[in-house]
Amino acid sequence: MAGNTTAGTKAQLYDAFATSGKALANGKRLELLDLLAQGERTVDALAKAAGLNLTTASAHLQTLKQAGFVATRREGVRIHYRLAGDDVAQLFALLRKVAEAHQAAVPAARDAYLGEDGAGEVSREELRARVAAGDAVVLDVRPAEEYLAGHIPGARSIPVGELADRIGELPEETEIVVYCRGEYCVLAYDAVRLLTDRDRRAIRLDDGMLEWRLAELPVDVGDLA
């Protein structure tokens, strides 16, 4: 006998799989996962970062929680959200790459969003080699709270919105390697454009903190630099 499997129980299994897919079928929920891949945040902070009102952000987060993608902890009256595991970050990263490879609209939307900065890119391996040789300064242009939650060892923190006023903190002759949240993060593109306009040598890491973590490379926490 083939066992006790029936069409009904098979349907239930696939419907359970589909529940996860439905939770991902919203651009704002994917953006919230992107933010949570950088570290734990409160509902208020997530709503502000994603450009949502508190009620809408809470509803999206509840959908993600019901699907098992995020977990929570309470601190007084505040609820903090985090990804339920590294496998959720892996799923999110893979979803983006599969969509880019197989959905014709994605590359055009990516290019329209990120724009062109004319900069070169380096891989994670190349970045580590350049830093070890003293040939590059690593610049993290994410918000300070994301840097504190985890950053590339030795990276300096200057959020992109502060870069124009703080550019003097960076050495003039050393190449600057900029990174932000991940491969599709516009902050690094904006930072490179600004640095280049100020006659600084700037290139981008070809992905970002999400991919760095998933590669299980060293991560430092705390200590603004």
Side-chain angles (χ1 to χ4, degrees), residues 19-97 124 127 138-163 178-188 190-191 205 207-225:
T19 297
S20 294
K22 291 174 183 177
L24 298 176
N26 180 281
K28 279 298 180 182
R29 288 199 286 273
L30 292 180
E31 186 177 352
L32 290 169
L33 290 179
D34 191 17
L35 291 167
L36 288 170
Q38 307 302 309
E40 184 182 74
R41 293 200 186 194
T42 64
V43 179
D44 290 351
L46 287 165
K48 182 179 179 181
L52 297 169
N53 63 52
L54 195 58
T55 300
T56 303
S58 296
H60 283 316
L61 289 165
Q62 282 302 307
T63 299
L64 292 170
K65 185 177 181 182
Q66 290 165 5
F69 290 137
V70 301
T72 60
R73 69 175 179 89
R74 182 179 290 274
E75 187 178 73
V77 298
R78 292 181 177 273
I79 298 176
H80 297 255
Y81 279 82
R82 65 184 184 277
L83 293 187
D86 289 343
D87 53 352
V88 178
Q90 291 167 348
L91 175 62
F92 171 66
L94 181 60
L95 173 63
R96 298 193 308 188
K97 295 305 292 182
R124 295 185 296 270
L127 173 60
V138 184
L139 179 62
D140 186 319
V141 295
R142 298 174 299 156
E145 62 268 26
E146 296 181 19
Y147 175 90
L148 290 170
H151 56 268
I152 294 174
R156 302 189 184 190
S157 172
I158 304 181
V160 68
E162 302 174 14
L163 185 55
V178 182
Y179 77 92
C180 55
R181 290 167 179 153
E183 182 178 355
Y184 303 89
C185 177
V186 74
L187 304 180
D190 289 343
L205 180 63
D207 43 40
M209 199 63 215
L210 169 63
E211 296 84 0
W212 186 277
R213 285 183 182 274
L214 291 177
E216 299 183 348
L217 294 171
V219 174
D220 284 351
V221 298
D223 295 328
L224 284 171

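Values below: all heavy atoms of this structure, side chains included; hydrogens, waters and symmetry mates excluded.
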For side chain to side chain contact (heavy atoms under 4.5 Å, CB included), just list the numbers for D190 and L163, CA-CA rounded to whole Å, side-chain angles, deciding distance to a tenth of an Å, and then say yes or no.
CA-CA 10 Å; D190 289 343; L163 185 55; over 6 Å; no
Under the side-chain hydrogen bond (donor to acceptor under 3.5 Å, both in side chains) rule, collect the residues that match up with K22, sequence neighbours excluded.
none
Residues two or more places apart in sequence or in another chain: which of them pass side-chain hydrogen bond (donor to acceptor under 3.5 Å, both in side chains) with N53?
T56
Any side-chain heavy-atom pair of I152 and M209 under 4.5 Å
yes
Apply ring-ring contact (aromatic ring centres under 6.0 Å, His included) to H60 and list each qualifying residue two or more places apart in sequence or on a separate chain.
none
Measure the shortest side-chain to side-chain distance between L95 and L30 over non-hydrogen atoms and say whether it is less than 4.5 angstrom.
yes
Residues forming a side-chain contact (heavy atoms from CB on, under 4.5 Å) with K65, sequence neighbours excluded:
Q62, V70, T72
What distance do R142 atom CZ and I158 atom CD1 have between them, rounded to the nearest 0.5 Å?
14.0 Å
Is the shortest heavy-atom distance from the side chain of L187 to the side chain of P143 under 4.5 Å?
yes
Taking every heavy atom of P159 against every heavy atom of A144, the minimum-distance pair comes out as CG-N, 4.0 Å
Sequence neighbours excluded, which residues qualify as side-chain contact (heavy atoms from CB on, under 4.5 Å) partners of A50?
E31, L32, L35, L52
With A93, which residues qualify under side-chain contact (heavy atoms from CB on, under 4.5 Å), at least two apart?
L210, L214
So side-chain hydrogen bond (donor to acceptor under 3.5 Å, both in side chains) across residues 208-217, not counting sequence neighbours, yields R96-E211
Could I get the full list of side-chain contact (heavy atoms from CB on, under 4.5 Å) partners for L54, not counting sequence neighbours?
V43, D44, A47, S58
Considering only heavy atoms from C-beta outward, does the side chain of D140 approach that of Y179 to under 4.5 Å?
yes
Under the criterion side chain to side chain contact (heavy atoms under 4.5 Å, CB included), I'd like the reasoning laid out for L24 against L91: C-alpha separation, chi angles, the key distance, then a yes or no.
CA-CA 10 Å; L24 298 176; L91 175 62; 3.9 Å; yes
Which pair of non-hydrogen atoms, one from Y147 and one from G222, has the smallest distance, and what is that distance?
CE2-O, 4.0 Å
Residues forming a side-chain hydrogen bond (donor to acceptor under 3.5 Å, both in side chains) with R181, sequence neighbours excluded
E146
S20 and A67 have their tightest heavy-atom pair at OG-O, 4.3 Å
Minimal non-hydrogen separation, P218 against P153, with atom names:
O-CD, 3.2 Å
In chain order, what residues pass the side-chain hydrogen bond (donor to acceptor under 3.5 Å, both in side chains) check against E40, with sequence neighbours excluded?
R73
Name all residues meeting the salt bridge (Lys or Arg N to Asp or Glu O under 4.0 Å) criterion together with D86; count only those two or more places apart in sequence or in a different chain, and write none if there are none.
none
Separation between CG (D220) and CG (L148), nearest 0.5 Å, reads 11.5 Å
Y81 side, atom OH; L61 side, atom CG - distance, nearest 0.5 Å:
5.0 Å
Apply the test side chain to side chain contact (heavy atoms under 4.5 Å, CB included) to residues L83 and F69: give CA-CA distance (whole Å), side-chain angles for both, the deciding distance (0.1 Å), then the verdict.
CA-CA 6 Å; L83 293 187; F69 290 137; over 6 Å; no
Residues two or more places apart in sequence or in another chain: which of them pass salt bridge (Lys or Arg N to Asp or Glu O under 4.0 Å) with R124?
D207
Return the minimal non-hydrogen interatomic distance between V141 and A191, and the atom names on each side.
CG1-CB, 3.8 Å
